[in-house]
Protein chains: 2
Amino acid sequence: MARAGLNAERLTLAAAELADEVGVENVTVSALARRFGVKDASLYSHIRNAHDLRVRLALLALAELADRVAAALAGRAGKQALAAFADAYRAYAGQHPGRYAAAQLRLTPEEAAASAGRRHVEMTLAILRGYEVPDAEQVHAVRLLHSTFHGYVTLERSGGFDHSGDVETSWSRVVDALDAALLNWPASG
Amino acid sequence: MARAGLNAERLTLAAAELADEVGVENVTVSALARRFGVKDASLYSHIRNAHDLRVRLALLALAELADRVAAALAGRAGKQALAAFADAYRAYAGQHPGRYAAAQLRLTPEEAAASAGRRHVEMTLAILRGYEVPDAEQVHAVRLLHSTFHGYVTLERSGGFDHSGDVETSWSRVVDALDAALLNWPASG
DNA sequence: TATTTTGCCTAATGGTCCTAGGCAGCTTAC
DNA sequence: GTAAGCTGCCTAGGACCATTAGGCAAAATA
């Protein structure tokens, strides 16, 4: 019998495709084995267990997202940079809902350290350089941006906005509001 | 043998407790049956299936959250109301992480119509009455508020903020930023 | 070519979800 | 107060998923 040529990377990539097609919750060791035409047990030479697979998937998604954002950010500053970050972030979640959902997995400190999480924070801090946010306030500003972006795309994806109204306009209002908040930080009131 | 006295409500409540104790992902028909000292199959006279259980749990959580927010909102307006909403929302997620997570389940239109989702929107609109947001802009403002609150508590819960910095200060900055956004809506820039 | 490594296999266990059909405890009717 | 029926929880059993142990054959190496 010919071998299927499996390895951890190929499995992770296939898991990512599967996630986008059928949702993270359906990314299972069995489904993955089926996709490669091998038995479930065969995957355990390459991944430790199902959780290990999900961690790899999360790391893949975080890295891809960081790449997208970095590309969007190149050569931009100020509100241009903010909007580019926002749009790239939202576009990734829209094009890769399964991967985006997978990226929300809670990581251990070691896993987080090996992840692109740091790059996300660095890029957000880069945006703040276009504004005049005091150093001591930057953590809070980063949290506001992440929270808002994450909350928006999550609700948009999960159908929280279904009923009515233009989501594109809502999104630009969100970006405008964040821009204003950064301009007036921390005297936002 | 004495009967356990099961019914859909008791099961849903127990599922909610289970969710807060061990996480939504571990709220399983088996675990619930174990908690009542009955066999798995016995639950199927009361709930249609595992998904039905999760829907009931989501509806419970949405209703509880709406109650909390309504109580916090009573007699307040303007920024007071905004902060009360925000704090009640965040407190619920903090005290009932499993229920809060369960409330994020994607509902069908019929389920959503029977849910407290409408109340959430109504209460958010009530907050806007303390500001001067044009009618046509209210949808967008509601989305900004929901996105930001949801994003923040989700990231806070999932450990996205672990490393450093005062989360209470971050939270008040978030509320301040939203207050400012509503005061200047839609000329946020 | 002989040897080692390694990849995928079979076999088996235990957990979860779910259906079908049975029997006993509770309810109601007389 | 007992007989009838309803209902609740049961046993039995199927399908799918996660995982481990041990085997054999294909690749890699000597």
Side-chain angles (χ1 to χ4, degrees), chain A residues 1-60 98-99 101-102 104-108 111, chain B residues 1-60 98-99 101-102 104-108 111:
Chain A
M1 295 295 276
R3 295 191 182 183
L6 304 179
N7 58 52
E9 292 93 303
R10 285 192 64 194
L11 288 176
T12 307
L13 201 56
E17 292 165 4
L18 202 52
D20 287 336
E21 291 166 17
V22 300
V24 230
E25 64 281 1
N26 294 314
V27 173
T28 153
V29 175
S30 305
L32 203 52
R34 228 173 283 132
R35 175 170 280 232
F36 281 99
V38 301
K39 298 294 175 181
D40 300 9
S42 304
L43 302 195
Y44 290 87
S45 324
H46 308 285
I47 55 168
R48 223 197 325 271
N49 51 39
H51 180 252
D52 177 41
L53 177 67
R54 277 175 212 118
V55 171
R56 289 172 188 270
L57 178 51
L59 297 179
L60 171 77
R99 295 178 203 219
Q104 307 310 317
L105 184 73
R106 185 167 196 154
L107 299 175
T108 66
E111 290 161 352
Chain B
M1 296 296 275
R3 296 191 180 182
L6 305 179
N7 58 52
E9 292 91 305
R10 285 192 65 194
L11 288 176
T12 307
L13 201 55
E17 291 165 5
L18 202 54
D20 287 335
E21 290 166 16
V22 300
V24 229
E25 63 281 0
N26 294 314
V27 174
T28 149
V29 175
S30 305
L32 204 51
R34 229 174 281 131
R35 174 170 279 232
F36 281 98
V38 301
K39 298 294 175 180
D40 300 8
S42 305
L43 302 196
Y44 290 88
S45 323
H46 308 285
I47 54 168
R48 226 198 324 270
N49 52 38
H51 180 252
D52 178 41
L53 177 66
R54 277 176 212 118
V55 171
R56 288 171 188 271
L57 178 51
L59 296 179
L60 171 76
R99 295 177 202 219
Q104 307 310 318
L105 184 74
R106 185 168 196 155
L107 299 175
T108 67
E111 290 162 351

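All chains are named by letter (A, B, ...) in the order of the sequence lines, taking the proteins before the strands, and each is independently numbered beginning at 1.
The shortest distance between the side-chain N/O atoms of A/R34 and the OP1/OP2 oxygens of D/dC16 is not below 4.0 Å.
Residues of residues 7-32 of chain A that place a heavy atom closer than 4.0 Å to DNA chain D, in numerical order, are A/T28, A/V29, A/S30. Listed in residue order, the members of residues 38-56 of chain A having a heavy atom less than 4.0 Å from DNA chain C are A/V38, A/K39, A/A41, A/S42, A/S45, A/H46.
Every side-chain contact (heavy atoms from CB on, under 4.5 Å) that A/A33 has, sequence neighbours left out, goes to A/V38, A/D40, A/L43. The salt bridge (Lys or Arg N to Asp or Glu O under 4.0 Å) test applied to A/D52 returns A/R56, not counting sequence neighbours. Residues satisfying the side-chain contact (heavy atoms from CB on, under 4.5 Å) criterion with A/A102, sequence neighbours excluded, are A/V24, A/L57. Every residue meeting the side-chain contact (heavy atoms from CB on, under 4.5 Å) condition with B/E111, not counting sequence neighbours, appears here in chain and number order: B/H51, B/V55, B/L107, B/T108. For the side-chain contact (heavy atoms from CB on, under 4.5 Å) test, no residue two or more places apart in sequence or in another chain qualifies with B/R106.
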Side chains of residues 7-15 of chain A: which donor-acceptor partners sit under 3.5 Å, not counting sequence neighbours?
| from | atom 1 | to | atom 2 | distance (Å) |
| --- | --- | --- | --- | --- |
| A/N7 | OD1 | A/E9 | N | 3.1 |
| A/N7 | OD1 | A/R10 | N | 2.8 |
| A/R10 | NH1 | A/A4 | O | 3.2 |
| A/R10 | NH1 | A/G5 | O | 2.8 |
| A/T12 | OG1 | A/A8 | O | 2.7 |

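For the salt bridge (Lys or Arg N to Asp or Glu O under 4.0 Å) condition, the pairs that include at least one residue of residues 20-29 of chain B, sequence neighbours left out, are B/D20-B/R99, B/E21-B/R35.
Heavy-atom minimum distance, A/N49 versus A/Y44: CA-CE2, 3.9 Å.
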